[in-house]
Amino acid sequence: MDRAFWKQCGEIGLLCPSVPETYGGAGANYLYNAVVAEEMGYSAYLPGVAVHSDVNVTYLLHYGTEAQKSRWLPGMVSGDVITSIGMTEPGTGSDLRGIRTTARRDGDSYVVNGAKLYITNAYQADLIFLVVKTNPDAGSRSLSILLVEGNTPGLIRGKPLKKAGLDHSDTMELTFENMRVPAENLLGEEGAALHYMMAELPQERFSIAVASQAQAQRAFDLAVSFTKDRKAFGSTIFDQQNTRFKLAECQTELQVGWAHLDWALARHTRGELTAAEACAAKLYHTNLLHRVADISLQLHGGAGYMAEYEISHIWRDARIQRIYGGTDEIMKDMVARSI
Ligand SMILES: Cc1cc2nc3c(=O)[nH]c(=O)nc-3n(C[C@H](O)[C@H](O)[C@H](O)COP(=O)(O)OP(=O)(O)OC[C@H]3O[C@@H](n4cnc5c(N)ncnc54)[C@H](O)[C@@H]3O)c2cc1C
């Protein structure tokens with residue numbers, strides 16, 4: 001996704017709709033984000049846009065200083081400032097307490113050393129929300145978030161990683177060698193990152209759930225259209241009983257999924273969706289997508305495995321939804337803790 005694409009997204013109001021009008025945004029609530037996530041999920045899911053608009057911007061809105069907000073929010077809305085968030089490292093992903101990238105305070109800056117892995121948008125990012133260890137001995141207050149500008153000396157970008165899917169999304173390793181970040185770029189309080197992430201991860205997970213439901217609907221619609229058109233054994237594939245039953249099962253699951261999504265959306269908009277409910281939503285809707293995409297591909301036969309058929313892309317892209325933003329297993333653990 002080149003810069004012209006981001007600028008176009010900004011021009012038509014797709015980026016960071018929750019930003020107040022004073023910073024150039026639409027001042028909308030999460031329902032607007034959800035409409036964008038659904039439409040993008042239905043057409044071509046873009047995790048880079050989702051992480052920018054549904055995740056990164058909320059950290060700046062909730063914890064940024066006035067100076068930080070005025071400096072970066074307008075560009076995030078217009079598409080001039082592309083953002084990444086760096087939590088995962090070569091040695092740790094699910095266990096965020098295992099983060100080893102260090103930031104040592106030295107005068108009026110932090111000196112950062114370490115590496116981050118699988119970072120979405122990292123190829124072009126102008127601003128990186130970087131989770132670092134500022135005090136290894138402070139337990140749950142050992143992590144902080146630094147706002148790292150893309151041209152900071154000591155920031156080394158790797159090559160775009162080759163993935164099993166999501167060809168249109170750049171994913172990269174970042175390395176930091178004695179990278180100096182001005183202390184004024186600390187986001188919120190030093191040592192508060194774990195608390196901030198616990199507060200913001202539910203929306204990240206819910207955003208993945210919303211897009212997954214829409215992707216599942218797209219996969220289903222493609223299968224209906226393909227099977228009604230293609231013929232075998234004297235009738236359309238759609239008229240075979242197996243196809244009708246499989247599609248009926250998918251239709252039923254999608255109906256339940258949309259109803260659940262509306263329930264969860266209403267709760268999230270009122271600020272009532274719990275962390276466990278957001279995890280349950282991610283677990284449910286990403287697995288729904290996984291099942292529906294697989295059935296829909298199967299109903300396409302060999303064509304479903306061909307890159308020229310959209311279902312092959314949905315099937316490949318669907319797999320990661322059960323991993324990033326928190327794996328199925330971590331979602332189950334979070335739900336189980338709430339029981
Ligand atoms: C395409 C892509 C884009 C990404 N974008 C970003 C990004 O922008 N920013 C970012 O910070 N990260 C990003 N990630 C990283 C992603 O969030 C992590 O890969 C994910 O959280 C899992 O971490 P891990 O890969 O280290 O797996 P691990 O944590 O090593 O887990 C390996 C396996 O062990 C299981 N496991 C771990 N702990 C437990 C437990 N307690 N109980 C049971 N099972 C457990 C996991 O569920 C998994 O099955 C991205 C990843 C990909 C592939």
Under 3.5 Å, which donor-acceptor pairs do the side chains of residues 332-339 form with other protein atoms, sequence neighbours left out?
| unit_1 | atom_1 | unit_2 | atom_2 | d |
| --- | --- | --- | --- | --- |
| D333 | OD2 | R337 | NE | 3.1 |
| D333 | OD2 | R337 | NH2 | 2.9 |
| S338 | OG | V335 | O | 2.6 |

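- Note: N151 CG to D126 CG = 8.5 Å, rounded to the nearest 0.5 Å.
- Open room surrounds NZ on K246; 12 or fewer heavy atoms of other groups in view lie less than 6.0 Å from it.
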Derivation of the side chain to side chain contact (heavy atoms under 4.5 Å, CB included) call for H168 and L46: CA-CA 8 Å; H168 51 279; L46 302 169; 3.3 Å; yes
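- Scored by the ring-ring contact (aromatic ring centres under 6.0 Å, His included) test, Y196 finds Y63 as partners (sequence neighbours excluded).
- At a threshold of 4.5 Å between non-hydrogen side-chain atoms, the residues L143 and M197 count as touching.
- Here the CG atom belonging to D170 is positioned 5.5 Å from the CG atom belonging to N121, to the nearest 0.5 angstrom.
- Residues satisfying the side-chain hydrogen bond (donor to acceptor under 3.5 Å, both in side chains) test with E329, not counting sequence neighbours, are T327.
- The environment of Y309 atom OH is sparse: at most 12 non-hydrogen atoms of other residues, nucleotides or ligands sit within 6.0 angstrom.
- With contacts defined as side-chain heavy-atom distances shorter than 4.5 Å, the pair L15/V77 does not qualify.
- The aromatic rings of F129 and Y59 lie tilted to each other, with the angle between the two planes from 30° to 60°.
- R322 contributes no side-chain N or O that, together with a main-chain N or O of T286, makes up a donor-acceptor pair within less than 3.5 Å.
- At least one donor-acceptor pair under 3.5 Å links the side chain of N185 to the backbone N or O of L147.
- Checking side-chain atoms of E38 against main-chain N and O of Q213 turns up no donor-acceptor pair under 3.5 Å.
- By the side chain to side chain contact (heavy atoms under 4.5 Å, CB included) test, D108 is found to be paired with no residue, residues two or more places apart in sequence or in another chain being considered.
- For W6, the ring-ring contact (aromatic ring centres under 6.0 Å, His included) partners are H52, not counting sequence neighbours.
- In this structure, the separation between OG on S84 and CD1 on I119 is 7.0 Å, given to the nearest 0.5 Å.
- Every side-chain hydrogen bond (donor to acceptor under 3.5 Å, both in side chains) that S78 has, sequence neighbours left out, goes to D80.
- Side-chain contact check for D294 and Q298: no donor-acceptor pair (N or O, by modelled atom type) lies under 3.5 Å.
- The nearest pair of heavy atoms linking I295 to C250 is CD1-SG, 3.8 Å.
- Nearest approach of T134 to S144, heavy atoms of both residues: OG1-OG, 2.6 Å.
- The number of heavy-atom neighbours closer than 6.0 Å to CD of Q241, taken from other residues, nucleotides and ligands shown, is 12 or below.
- Between the CZ atom of R244 and the CZ atom of F238 there is a distance of 5.5 Å, given to the nearest 0.5 Å.
- Between K133 and E89, none of the side-chain N atoms (NZ, or NE/NH1/NH2) sits under 4.0 Å from a carboxylate O, so this pair counts as no salt bridge.
- In this view, E253 and Y284, L288, R291 satisfy the side chain to side chain contact (heavy atoms under 4.5 Å, CB included) rule, not counting sequence neighbours.
- Sorted by first and then second residue, the salt bridge (charged side-chain N to carboxylate O under 4.0 Å, His left out) pairs with a member in residues 297-313 read R218-E310; sequence neighbours excluded.
- Within the model, atoms CD of Q217 and OG of S212 stand 13.0 Å from one another, a figure rounded to the nearest 0.5 Å.
- For the pairing with V181, the side-chain contact (heavy atoms from CB on, under 4.5 Å) check across V132, V148, I128 returns one residue only, V148.
- Side-chain contact between V36 and S53 is absent, with no heavy-atom pair separated by less than 4.5 Å.
- More than 12 heavy atoms of other residues, nucleotides or ligands sit less than 6.0 Å from atom CZ of R105.
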Intermediate values then yes/no, side chain to side chain contact (heavy atoms under 4.5 Å, CB included), Y123 and R157: CA-CA 7 Å; Y123 183 64; R157 299 178 204 240; 5.8 Å; no
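- In terms of the side chain to side chain contact (heavy atoms under 4.5 Å, CB included) criterion, residue partners of I237 (sequence neighbours excluded) are, by chain and number, T227, R230, A232, T243.
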Chi angles and distances behind the side chain to side chain contact (heavy atoms under 4.5 Å, CB included) call for Q240, S235: CA-CA 8 Å; Q240 309 292 339; S235 67; 3.1 Å; yes
Side chain to side chain donor-acceptor pair (under 3.5 Å) evaluation trace for Q203 with H268: CA-CA 8 Å; Q203 179 159 309; H268 186 55; 2.9 Å; yes
Intermediate values then yes/no, side chain to side chain contact (heavy atoms under 4.5 Å, CB included), L265 and F206: CA-CA 9 Å; L265 262 171; F206 191 53; 3.7 Å; yes
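- A donor-acceptor pair shorter than 3.5 Å can be found between the side chains of D239 and T236.
- When all heavy atoms of L289 and Q321 are compared, the pair lying nearest together is CD2-CG, 3.8 Å.
- Qualifying side chain to side chain contact (heavy atoms under 4.5 Å, CB included) partners for V224, counting only residues two or more places apart in sequence or in other chains: F220, K228, L247.
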Do any side-chain atoms of residues 16-32 form donor-acceptor pairs under 3.5 angstrom with protein atoms, and if so which ones, sequence neighbours left out?
| unit_1 | atom_1 | unit_2 | atom_2 | d |
| --- | --- | --- | --- | --- |
| Y23 | OH | E66 | OE1 | 2.9 |
| Y23 | OH | E66 | OE2 | 2.8 |
| N29 | OD1 | L31 | N | 3.0 |

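- Counting only heavy atoms from C-beta outward, the side chains of H285 and H260 approach each other to under 4.5 Å.
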Residues 135-142, side-chain donor-acceptor partners within the protein, below 3.5 Å, at least two apart:
| unit_1 | atom_1 | unit_2 | atom_2 | d |
| --- | --- | --- | --- | --- |
| N135 | OD1 | D137 | N | 3.1 |
| R141 | NH2 | E189 | OE1 | 3.3 |
| R141 | NH2 | E190 | O | 3.1 |
| S142 | OG | G139 | O | 3.0 |

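- Checking side-chain atoms of K282 against main-chain N and O of P202 turns up no donor-acceptor pair under 3.5 Å.
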